[in-house]
Amino acid sequence: MPESASQAQWEPGEDLASFLDAQLRAVHEAGLYRKFRIIDSAMDASVRLRDEATGEAREVGLFCSNNYLGLASHPRLKHAAIEATRKYGVGSGASRHISGTFSLHEELEAQLAAFKRTERAVVYNTGFMANVGIISALMGSGDAVFSDELNHASIIDGCRLSGAQKQIFRHRDMNHLEELLRSSKARHKLVVTDTVFSMDGDFAPLPEIVALAERYGAWTMVDEAHATGCIGEGGRGAVEYFGLTGRVDIIMGTLGKALGSFGAFAAGSSALIEHLINRSRMLIFTTAHPPAVLAASSEALRVVSEEPGLRAKLAENGLFLREGLRKLGFSTLDSRSQIVPIVIGEAAPTMEFARRLLAEGVFVTGIRPPTVPEGTCRLRATVMASHTGDQLSRALTAFESIGKDLGVL
């Protein structure tokens with residue numbers, strides 16, 4: 001996003017209070033001001049959301065969570081977390097290399113490697129830390145990272161921190177990627193992409209990306225944050241879905257979305273994981289996961305394996321919402337997943353639409369720059385396996401009436 005849209009002019013010698021006042025004023029004027037919303041219940045298909053004006057909580061349908069399979073409140077995960085807390089306590093007390101590695105880490109990382117069908121895996125505290133930590137540990141000056149223009153901010157920041165040359169290819173444009181790869185003289189080349197794009201809900205053309213990387217001697221890295229648990233016959237992600245197991249060098253995934261817990265991981269060869277353990281600053285210099293998180297994540301992987309009906313229900317709900325919105329006349333781009341963007345355009349009407357939806361008991365977040373490009377502001381709706389048909393139908397009714405009232409339809 002251009003600096004003028006989010007930042008005021010810096011004045012030499014101004015004090016911090018004046019600087020912050022100017023910055024916040026600029027954010028307000030650009031229609032980009034953000035506030036936290038407070039939830040007073042478990043993360044389910046409906047939640048108790050605190051009203052900003054009255055402070056009272058009321059029940060609303062939740063259509064903006066990444067808790068895709070509904071596992072954040074699953075009884076088995078809660079039980080696993082409670083039992084781990086009883087046995088191991090609350091915190092890890094140190095980084096992994098000091099004294100913060102539990103037997104629970106070993107168990108979870110072995111499960112993740114088996115789940116992703118790689119030699120090894122290692123967990124990171126967040127998805128953002130994983131992407132930054134992986135890319136910056138592998139790439140450096142003289143190298144080049146080839147990144148889809150709609151990749152997550154963590155990938156962008158990983159490229160910046162690595163010092164490697166950034167080569168941005170147009171969204172899902174394989175001709176452009178090939179041009180960049182063919183002309184690159186970089187020492188090492190890494191092609192990195194989201195597999196399910198977080199704001200568009202579409203899929204990366206992964207078979208073509210892998211084939212191009214192999215042709216031009218590049219490494220491949222995929223961010224499976226929004227695919228892990230959701231996509232593929234076993235929920236292993238887009239790598240499984242496209243039949244590319246064994247052909248992708250680095251797989252990143254998260255534990256805090258469909259798996260309902262918290263954190264992230266890298267999966268790949270034993271040599272890759274050893275390298276990250278020894279060179280990834282985001283892994284080395286941070287306190288390790290608490291035991292409850294590790295145990296809940298392990299249990300989530302077992303649930304994904306043992307309850308495939310959750311994944312089938314998620315796909316069914318995603319199709320129902322996408323088709324319903326398209327029939328009403330909304331643009332949902334090329335979404336094929338549980339992420340359903342409803343493109344409005346400018347920030348003000350987008351946020352007004354979100355406000356009116358919430359008044360009708362439908363909690364959907366408006367997405368503005370810098371998360372999405374200027375002029376593509378949208379409502380980012382997501383479905384969960386735990387949404388009922390009635391909840392989905394009520395949401396569609398609200399979208400239709402508000403869309404007509406605002407002149408969007």
Side-chain angles (χ1 to χ4, degrees), residues 45 61-69 148-152 170-173 193-206 223 225-227 230-231 238 241 257-258 311-358 360-369 371-409:
L62 182 62
F63 286 90
C64 53
S65 172
N66 296 330
N67 180 29
Y68 300 130
L69 297 179
D148 188 290
E149 66 178 338
L150 296 188
N151 276 343
H152 191 265
R170 292 184 291 273
H171 183 47
R172 300 192 303 171
D173 188 333
T193 185
D194 288 7
T195 56
V196 175
F197 288 88
S198 62
M199 291 297 136
D200 289 49
D202 54 352
F203 289 11
L206 209 53
D223 179 336
H226 297 275
C230 303
I231 307 299
Y241 176 82
K257 294 183 172 62
R311 197 159 51 254
K313 183 62 175 175
L314 177 67
E316 177 186 322
N317 284 350
L319 180 63
F320 183 88
L321 186 63
R322 290 195 309 272
E323 289 192 344
L325 288 166
R326 288 167 181 166
K327 286 177 182 176
L328 291 174
F330 288 103
S331 168
T332 58
L333 302 177
D334 293 320
S335 173
R336 297 169 54 195
S337 69
Q338 68 279 0
I339 301 166
V340 187
I342 301 97
V343 178
I344 307 299
E346 299 305 317
T350 300
M351 302 314 294
E352 176 62 13
F353 205 134
R355 188 192 68 78
R356 294 199 189 186
L357 282 170
L358 188 57
E360 295 294 322
V362 179
F363 186 14
V364 176
T365 304
I367 306 296
R368 298 162 287 174
T371 308
V372 295
E374 295 277 0
T376 69
C377 296
R378 67 200 62 180
L379 301 160
R380 179 188 182 268
T382 57
V383 299
M384 290 185 267
S386 49
H387 279 132
T388 66
D390 284 345
Q391 287 174 317
L392 293 165
S393 294
R394 286 198 299 270
L396 286 172
T397 297
F399 270 105
E400 181 179 20
S401 62
I402 296 168
K404 288 178 178 177
D405 192 44
L406 292 178
V408 175
L409 291 179

Exercise. Check for a donor-acceptor pair, side chain of Gln338 on one end and backbone N or O of His226 on the other, with a separation under 3.5 Å.
Key: yes

Quiz item: Between the side chain of Ser335 and the main-chain N/O of Thr332, is any donor-acceptor distance below 3.5 Å?
Solution: no

Quiz item: Who passes salt bridge (Lys or Arg N to Asp or Glu O under 4.0 Å) against Arg378, sequence neighbours left out?
Solution: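 Expected list: Asp200.
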
Practice problem: With sequence neighbours excluded, tell me which residues meet salt bridge (Lys or Arg N to Asp or Glu O under 4.0 Å) with Arg172. | Solution: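 In terms of salt bridge (Lys or Arg N to Asp or Glu O under 4.0 Å), with neighbours along the sequence ignored, Arg172 is linked to Asp202, Asp334.
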
Kindly compute the distance separating [atom1] ([X]) from [atom2] ([Y]), expressed to the nearest 0.5 Å.
| X | Y | atom1 | atom2 | answer |
| --- | --- | --- | --- | --- |
| Lys257 | Asn67 | NZ | CG | 11.5 Å |
| Leu325 | Phe320 | CG | CZ | 10.0 Å |
| Leu409 | Ile402 | CG | CD1 | 10.5 Å |
| Phe63 | Met384 | CZ | CE | 7.5 Å |

If you take all heavy atoms of [X] and [Y], which pair is closest and at what distance?
| X | Y | answer |
| --- | --- | --- |
| Phe363 | Leu62 | CD2-CD1, 3.4 Å |
| Cys230 | Tyr68 | SG-CD1, 3.7 Å |
| Val372 | Thr376 | CB-OG1, 3.6 Å |
| Ile339 | Phe197 | CD1-O, 3.9 Å |
| Ala238 | Thr195 | CB-CB, 3.5 Å |
| His152 | Ser198 | CD2-OG, 4.3 Å |

Quiz prompt | Member of Leu357, Val362, Ile367, Thr365 meeting the side-chain contact (heavy atoms from CB on, under 4.5 Å) criterion with Leu379 | solution = Leu357

For [X], which residues count as a side chain to side chain contact (heavy atoms under 4.5 Å, CB included) partner, sequence neighbours excluded?
| X | result |
| --- | --- |
| Pro349 | Ile344, Glu346 |
| Phe203 | Val196, Ile231, Tyr241, Phe242, Arg336, Ser337 |
| Ala347 | Arg368, Cys377 |
| Glu149 | Ile168, Arg170, His171 |

Listed by chain and number, what are the side-chain hydrogen bond (donor to acceptor under 3.5 Å, both in side chains) partners of [X], not counting sequence neighbours?
| X | result |
| --- | --- |
| His387 | none |
| Asp194 | none |
| Thr193 | none |
| Ser65 | none |

Exercise. Using a strict cut-off of less than 4.0 Å between a Lys/Arg side-chain nitrogen and an Asp/Glu carboxylate oxygen, indicate whether Glu360 and Arg356 qualify as a salt bridge.
Key: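 Not counted as a salt bridge, because no side-chain N and carboxylate O are separated by less than 4.0 Å.
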
Practice problem: Might you work through the side chain to side chain contact (heavy atoms under 4.5 Å, CB included) test for Thr371 and Met199, ending with a clear yes or no? | Solution: CA-CA 8 Å; Thr371 308; Met199 291 297 136; 3.9 Å; yes

Exercise. Kindly state each residue pair satisfying salt bridge (charged side-chain N to carboxylate O under 4.0 Å, His left out) with at least one member in residues 313-324, sequence neighbours excluded.
Key: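 Of all non-adjacent pairs touching residues 313-324, those that pass salt bridge (charged side-chain N to carboxylate O under 4.0 Å, His left out) are Lys313-Glu316.
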
Side-chain donor/acceptor pairs under 3.5 Å, residues 393-400, sequence neighbours excluded:
unit_1 : atom_1 : unit_2 : atom_2 : d
Ser393 : OG     : Gly389 : O      : 3.0
Thr397 : OG1    : Ser393 : O      : 3.1
Glu400 : OE2    : Lys404 : NZ     : 3.2

